[in-house]
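Residues take their numbers from the sequence shown, with the count starting at 1. Keep in mind it's a predicted model, so treat the numbers as computed, not measured.
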Amino acid sequence: MIGFLTGRLHAKQPPMIQLDVQGVGYELEAPMSTFYKLGGPGETVTLLTYLHVREDAMLLFGFATQVEKDLFRTLIKVNGIGARMAIGILSSMSAQEFVRCVEQEDATSLTRIPGVGKKTAERLMIEMRDRLKSWDSEGAASPNVSEPLATASMSNKGQARAALESLGYKPAQAEKMLAPVAADLTLEEMIRTALKSVKL
C-alpha cells in the first residue's frame with residue numbers, strides 16, 4: 001500500500017494530478033478540496049494516497065489532509081458508493097459539511113451532488129450515521145502544500161468546465177454554473193465559486 005507521496009507537481013487537470021517522484025510519474029485522482037491547496041507545476045507537494053483496486057484497474061487517489069482520506073475510505077464502504085462518487089462528494093462539500101448533512105439528515109443538500117439521488121442520499125445518511133460516531137474530523141494535520149497557482153494551456157474557464165463535467169455535471173449545468181463566475185479568477189477559485197452556487 002502506498003500511504004503518501006512527496007514529489008514535484010508535473011501537471012494538474014481536475015480531477016487528475018501527475019506527480020514526479022524521483023523520476024517516476026504517478027497519476028492520481030483527487031477531490032477539488034485538494035486541488036484548492038496545490039501550487040503550480042514544479043512545486044514540491046506531499047499527498048496522502050489511497051490505492052483502490054478493482055477487477056479492471058488500479059486507481060491511485062490523492063488527498064491533502066488525513067480528514068479527506070479518512071472520509072473517502074469510509075464513504076467507499078457504503079453500499080453503492082464507488083470511489084468516483086466519493087471523490088464527487090468530497091469535491092462538492094467539505095468533510096465537516098458532509099458530517100453536518102448526515103447528523104441533521106439534510107438529504108436536500110446531499111442530492112445536489114452529481115449522481116446522488118434521493119435514495120442514495122437516504123442510504124448515505126443511514127449507513128454513515130453509525131460510521132461517523134467514531135470518525136474524528138478534527139486535529140488532522142495537513143501535508144505541506146502551497147497556495148493555488150493555476151497554469152494551463154486552455155483557458156481557466158475551459159478547464160473549470162471540464163473539471164465540473166468530470167465530477168458528473170452535465171455540460172449545460174457546468175456552463176450555467178460558470179456563467180456568473182468572473183473570468184479573472186484562478187482555476188481553483190472558479191471551480192470553488194461554481195460549486196458553491198449549487199448549495200444555495
Are more than 12 heavy atoms, taken from residues, nucleotides or ligands other than Arg73, located less than 6.0 Å from that residue's CZ atom? no
Can you confirm whether more than 12 heavy atoms, excluding those of His52, are under 6.0 Å from its NE2 atom? yes
Between [atom1] of [X] and [atom2] of [Y], what distance do you get to the nearest 0.5 Å?
{"X": "Tyr169", "Y": "Glu175", "atom1": "OH", "atom2": "CD", "answer": "15.0 Å"}
{"X": "Thr111", "Y": "Lys119", "atom1": "OG1", "atom2": "NZ", "answer": "14.5 Å"}
{"X": "Gln18", "Y": "Leu9", "atom1": "CD", "atom2": "CG", "answer": "9.5 Å"}
{"X": "Ile87", "Y": "Ser92", "atom1": "CD1", "atom2": "OG", "answer": "11.0 Å"}
{"X": "Ile17", "Y": "His10", "atom1": "CD1", "atom2": "NE2", "answer": "13.0 Å"}
{"X": "Asp184", "Y": "Glu189", "atom1": "CG", "atom2": "CD", "answer": "8.5 Å"}

Taking Phe63 as the fixed residue, which of Phe35, Phe72, Phe4, Tyr50 is the one that meets the ring pair (Phe, Tyr, Trp, His ring centres under 6.0 Å) rule? Phe72
Do you know which of Gln96, Glu103, Gln104 makes side-chain hydrogen bond (donor to acceptor under 3.5 Å, both in side chains) with Arg100? Gln104
[X] to [Y] - nearest heavy-atom pair and separation:
{"X": "Asp106", "Y": "Ser109", "answer": "OD2-OG, 2.6 Å"}
{"X": "Ala121", "Y": "Val116", "answer": "N-CG1, 3.8 Å"}
{"X": "Ala160", "Y": "Leu187", "answer": "N-CD1, 3.4 Å"}

Between [X] (side chain) and [Y] (backbone), is there a donor-acceptor pair under 3.5 Å?
{"X": "Thr46", "Y": "Thr6", "answer": "no"}
{"X": "Arg123", "Y": "Val78", "answer": "no"}
{"X": "Thr49", "Y": "Ile2", "answer": "yes"}
{"X": "Glu68", "Y": "Ala64", "answer": "yes"}
{"X": "Lys157", "Y": "Ala183", "answer": "no"}
{"X": "Lys12", "Y": "Gly39", "answer": "yes"}

Shared ILVMFWY cluster between [X] and [Y], side chains joined below 4.5 angstrom?
{"X": "Val24", "Y": "Met16", "answer": "no"}
{"X": "Val102", "Y": "Ile126", "answer": "no"}
{"X": "Tyr26", "Y": "Leu51", "answer": "yes"}

For Gln159 and Met190: C-alpha separation, side-chain torsions, deciding distance, then whether side-chain contact (heavy atoms from CB on, under 4.5 Å) applies. CA-CA 10 Å; Gln159 289 187 82; Met190 282 186 176; over 6 Å; no
Any non-hydrogen side-chain atom of [X] less than 4.5 Å from a side-chain atom of [Y]?
{"X": "Leu124", "Y": "Cys101", "answer": "no"}
{"X": "Glu29", "Y": "Arg84", "answer": "yes"}
{"X": "Thr120", "Y": "Ile81", "answer": "yes"}
{"X": "Leu195", "Y": "Leu164", "answer": "yes"}
{"X": "Tyr36", "Y": "Ile191", "answer": "yes"}
{"X": "Gln66", "Y": "Lys69", "answer": "yes"}

Criterion side-chain contact (heavy atoms from CB on, under 4.5 Å) on Ile113 and Met85, from CA distance to verdict: CA-CA 9 Å; Ile113 300 170; Met85 185 176 288; 5.9 Å; no
Given the rule in the side-chain contact (heavy atoms from CB on, under 4.5 Å) test, do Arg192 and Met32 qualify, once you have shown the distances and angles that lead to the verdict? CA-CA 8 Å; Arg192 188 198 303 266; Met32 290 313 305; over 6 Å; no
Trace of the side-chain contact (heavy atoms from CB on, under 4.5 Å) decision for Leu38 with Leu47: CA-CA 10 Å; Leu38 291 175; Leu47 291 174; 4.2 Å; yes
Would Arg129 and Glu105 pass as an ion pair if we require N to O under 4.0 Å? yes
